[in-house]
Peer 1: 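Pasting in a structure now, in structure tokens, and then I'll have a few things to ask.
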Amino acid sequence: MSLVIFEGVKKHFAAHEVLAGATFRIDPGQKLGLVGRNGGGKTTILRLLVGEEQPDWGSVTLRKGVRVRHVEQRPKVAAATTVREFVESGLVELRTALRDYEESGEQLGVLEGEALERELERHDALLHEIEALGGFDGERRVEEVLSGIGLHEGFWERDVNTLSGGERSRACLAKALVAGSELLLLDEPTNHLDLAGIEWLEEWIKLQQGAVLIVSHDRRLLNNAVDSILELERGALTRYPGNYDQYLRIKEERYAADLRAYENQQDFIRKEDAFVRQHMGSHRVTEAKGRQKKLEALVRVAKPFHDVRRPVIRPPAAERGGETVLEARDLSGGYGGTATFEDANFRVARSERIGIVGRNGAGPTTLLKILAGRMQPLAGEVALGHKAQVGYYDQDTSALRDDGTPYYEMRRAFPQLEDQEIRDHLARFLFRGVELDSPIAGLSGGERARLCLAKLVLGRPSWLAMDEPTNHLDLAARTALEEMLSAFEGSLVVVSHDREFLDGLCNVILEVDGGRVLRHEGNYTEWRAKKQAQRDSEREAARAKGGKPQPKAAQKQAATVAIAPPPAKAAPTKPTAAATDEARAQGGKQVRNPLAFAKLEARIMELEKQLTAARDELERPEAWRDPAKLKETQMRAAELEQELSELNDKWANW
């Protein structure tokens, strides 16, 4: 049975029709990506699903009892509590179910007859409920999720109201992930995650048993984590099987086929109409009247719609300077006298394309601001090259004045332009008509981003410093921006968490981590592969040396590419003889400390026997008649499972 049925929904805001008979359904376990233009109604669909909005027409039906979690783009947090307590509040339903499950188990020992049968059914239902809420390891899952999305241990005891907007969004995301659900609704979940957090979330979504509906402009996430795409266009929803790349291909194929059908019919209509006009008064009048009747009864094929609107972003005319744009010398940066990175030395050459990456808080944005002259370094200097002039893009769009309009913002920045020049320029960025005089305070994030880009390209910078330029742009605007930056003749230094963006534009990666700034040749995927190879090599070296721990510096480097795995769903597997032989072959011709390895295997075999015996005991009817003994057996089975899981991990990593 479907979790959600969205049937013929219409929704208006004043005179604007957002949804015009939208229809779709979500089945258990499906992973859907919802795409469409900014302002097209994607967030409205999520609000309708959770009951925050009501349809003007049509119906939104949720399966009875289905649990829906919704993570908004800009969540509100009112609770004055620590981050850990706030995230753990998502476990309220799980803790209640666990308590009821334990009480039900005690009741099974004293009930008989029909009452026992009813309680057995309730006990089984509670078990399924616990599994739907994430299982018995909810407390452990809190720390795994917090670490995975980039809220490290230093955040856990902070008051949630002291967090920044991005940190608060991550805390709300963590709360929803640990809570468990049959349907999870995510609205731009990657906007405030760093690269490691995005990749962790991507893996989590793929392994999630429940259904997920994601509104996102992250193309790689939509390629790697979803199995269908819902496109919202002109108020209607169209479903495409497969990931984002498959959606683009199928959409183009459908449009081409629909256009051929439309053009063929139009050609047929023109020929038939010409025949009717020519022979209506001739000896072939009977045939002409017959053809006219057929034309009148013909079901007309509608001309297919193909939305090609997107900003026309022309690259700024770059001021030609020297071969060196800037050079960082012994550069240190941070806030409040505390350095996030130190002793950075690198050079930005003319026409070079550099992507700055690093976890949140490590200093990528700080480094960019120092290079662009927006803040002072704690030590060292930035030496600018001949005629080096920067064009700076701030992800917060803080340079815009909220008391102005797009037209007057451009007039203030470029007073030398004629009225029509300003209007023509803003039209290329999709500001037309009344939008020119809309208050900036009321613009969406995407509209503010387009206005900042409109201002940026009218300068003559020799290089661009851009902080998360794709964050609020829809997919069409991102494509236009990438095309502009590809044609830009100057240098580019960009902080971004958009992996497709970094891959398509950058040929150098600056990694900010562990207080250092390291330069890597190649794009994001090449850098990622190098880091993974380095990590694998260090592990092999450690195994070859008998498991000697890595030096701290190597551990720090390896940690930059380590992605915390989502909670494991599968039970531990028994080490077979073949697997044991394979393990003995790792790192050399023989296992290090074979006596200890043999003892480990023997202990695993013994634990599996004990666990099997405990589970068999739990399945016996008489076990449920003694609540104290039942609870003791359940606890023993849980302890055996935990120890067995730890030893299997140890065996796998021997």
Side-chain angles (χ1 to χ4, degrees), residues 194-195 316 318-396 456 459-469 485 488-498 501-502 505-524 526-528 530-531 534 553 556-557 559-561:
D194 56 25
L195 288 163
E319 183 72 35
R320 184 175 178 85
E323 289 298 321
T324 297
V325 173
L326 63 86
E327 187 173 357
R329 299 170 182 166
D330 301 323
L331 200 63
S332 298
Y335 291 90
T338 302
T340 55
F341 61 85
E342 296 177 310
D343 301 324
N345 291 277
F346 59 88
R347 171 179 170 267
V348 177
R350 187 174 58 175
S351 300
E352 202 164 39
R353 308 301 171 92
I354 297 177
I356 303 178
V357 302
R359 62 177 176 80
N360 287 334
T365 295
T366 301
L367 175 60
L368 185 73
K369 287 182 176 179
I370 292 173
L371 296 179
R374 285 336 192 245
M375 67 179 289
Q376 294 299 313
L378 298 179
E381 64 172 346
V382 177
L384 297 176
H386 179 60
K387 289 188 177 181
Q389 181 179 339
V390 65
Y392 181 68
Y393 177 91
D394 177 11
Q395 67 166 317
D396 297 325
L456 181 69
R460 288 180 58 85
S462 61
W463 68 288
L464 296 175
M466 309 188 80
D467 187 13
E468 297 291 356
L485 293 175
F488 177 58
E489 295 179 352
S491 302
L492 172 67
V493 182
V494 59
V495 173
S496 179
H497 295 149
D498 187 328
F501 184 81
L502 292 173
L505 286 173
C506 297
N507 51 24
V508 174
I509 296 295
L510 282 181
E511 176 192 5
V512 185
D513 185 73
R516 298 183 300 166
V517 179
L518 303 174
R519 180 184 172 102
H520 303 268
E521 300 297 326
N523 62 16
Y524 172 79
E526 292 167 337
W527 165 75
R528 201 68 182 80
K530 289 175 187 174
K531 297 297 291 183
Q534 178 185 1
K556 279 187 177 181
Q557 277 196 332
T560 63
V561 294

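Note that these values count all heavy atoms, side chains included, but never hydrogens, waters or copies made by symmetry.
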Peer 1: To the nearest 0.5 Å, what is the distance between OG1 (Thr324) and CG (Leu384)?
Peer 2: 11.0 Å
Peer 1: If every non-hydrogen atom of Cys506 is compared with every non-hydrogen atom of Asn523, which pair is closest and at what distance?
Peer 2: O-CB, 3.3 Å
Peer 1: Ignoring hydrogens, what is the shortest heavy-atom contact between Glu352 and Val348? Give both atom names and the distance.
Peer 2: OE1-CA, 3.6 Å
Peer 1: Is a side-chain N or O of Glu468 found less than 3.5 angstrom from the main chain of His497, in a donor-acceptor match?
Peer 2: yes
Peer 1: Given side chains that start at C-beta, do those of Leu505 and Val494 come closer than 4.5 Å, heavy atoms only?
Peer 2: no
Peer 1: Looking at every non-hydrogen atom in both residues, tell me the closest pair between Lys530 and Glu521 and how far apart they are.
Peer 2: NZ-O, 2.7 Å
Peer 1: Supply the atom-to-atom distance Asn360 CG to Leu195 CG, rounded to the nearest 0.5 angstrom.
Peer 2: 9.0 Å
Peer 1: How far does CE of Met375 sit from CG of Leu367, to the nearest 0.5 angstrom?
Peer 2: 10.0 Å
Peer 1: Donor-acceptor pair, distance only, cut-off 3.5 Å: does the side chain of Asp194 make one with the backbone of Arg359?
Peer 2: no
Peer 1: Between atom CH2 of Trp463 and atom OG of Ser351, what is the distance when rounded to the nearest 0.5 Å?
Peer 2: 14.0 Å
Peer 1: Does anything in residues 328-347 form a salt bridge (Lys or Arg N to Asp or Glu O under 4.0 Å)? List the pairs, not counting sequence neighbours.
Peer 2: Glu327-Arg329, Arg329-Glu381
Peer 1: Do the side chains of Tyr392 and Lys369 get nearer than 4.5 Å, heavy atoms only?
Peer 2: yes
Peer 1: Minimum heavy-atom separation for Ser496 and Phe501, please, with both atom names.
Peer 2: OG-CD2, 3.7 Å
Peer 1: Can you confirm whether Leu456 sits close enough to Met466 that some side-chain heavy atom of one is under 4.5 Å from a side-chain heavy atom of the other?
Peer 2: yes
Peer 1: Is Ser491 reaching over with its side chain to a backbone N or O of Ala349, donor-acceptor style, under 3.5 angstrom?
Peer 2: yes
Peer 1: Please find the pair of heavy atoms, one from Val390 and one from Ala465, that lie closest to each other, and give the distance.
Peer 2: CG2-CB, 3.9 Å
Peer 1: With a 4.5 Å heavy-atom cut-off, do Phe346 and Val508 have their side chains touching?
Peer 2: no
Peer 1: Measuring from Asp394:CG to Thr365:OG1, what's the distance to the nearest 0.5 Å?
Peer 2: 9.0 Å
Peer 1: Looking at residues at least two apart in the chain, or sitting in another chain, which of them share a ring pair (Phe, Tyr, Trp, His ring centres under 6.0 Å) with Tyr524?
Peer 2: Trp527
Peer 1: Donor-acceptor pair, Arg374 side chain versus Ala372 backbone, under 3.5 Å?
Peer 2: yes
Peer 1: Side-chain contact, heavy-atom cut-off 4.5 Å: Tyr393 with Leu464?
Peer 2: no
Peer 1: Please report the shortest heavy-atom distance between Pro377 and Leu331, naming the atom on each side.
Peer 2: CB-CD1, 3.6 Å
Peer 1: Could you list the residues that satisfy salt bridge (charged side-chain N to carboxylate O under 4.0 Å, His left out) with Arg353, not counting sequence neighbours?
Peer 2: none
Peer 1: Looking at CZ of Arg519 and CD1 of Ile354, how far apart are the two atoms once the value is rounded to the nearest 0.5 Å?
Peer 2: 5.5 Å
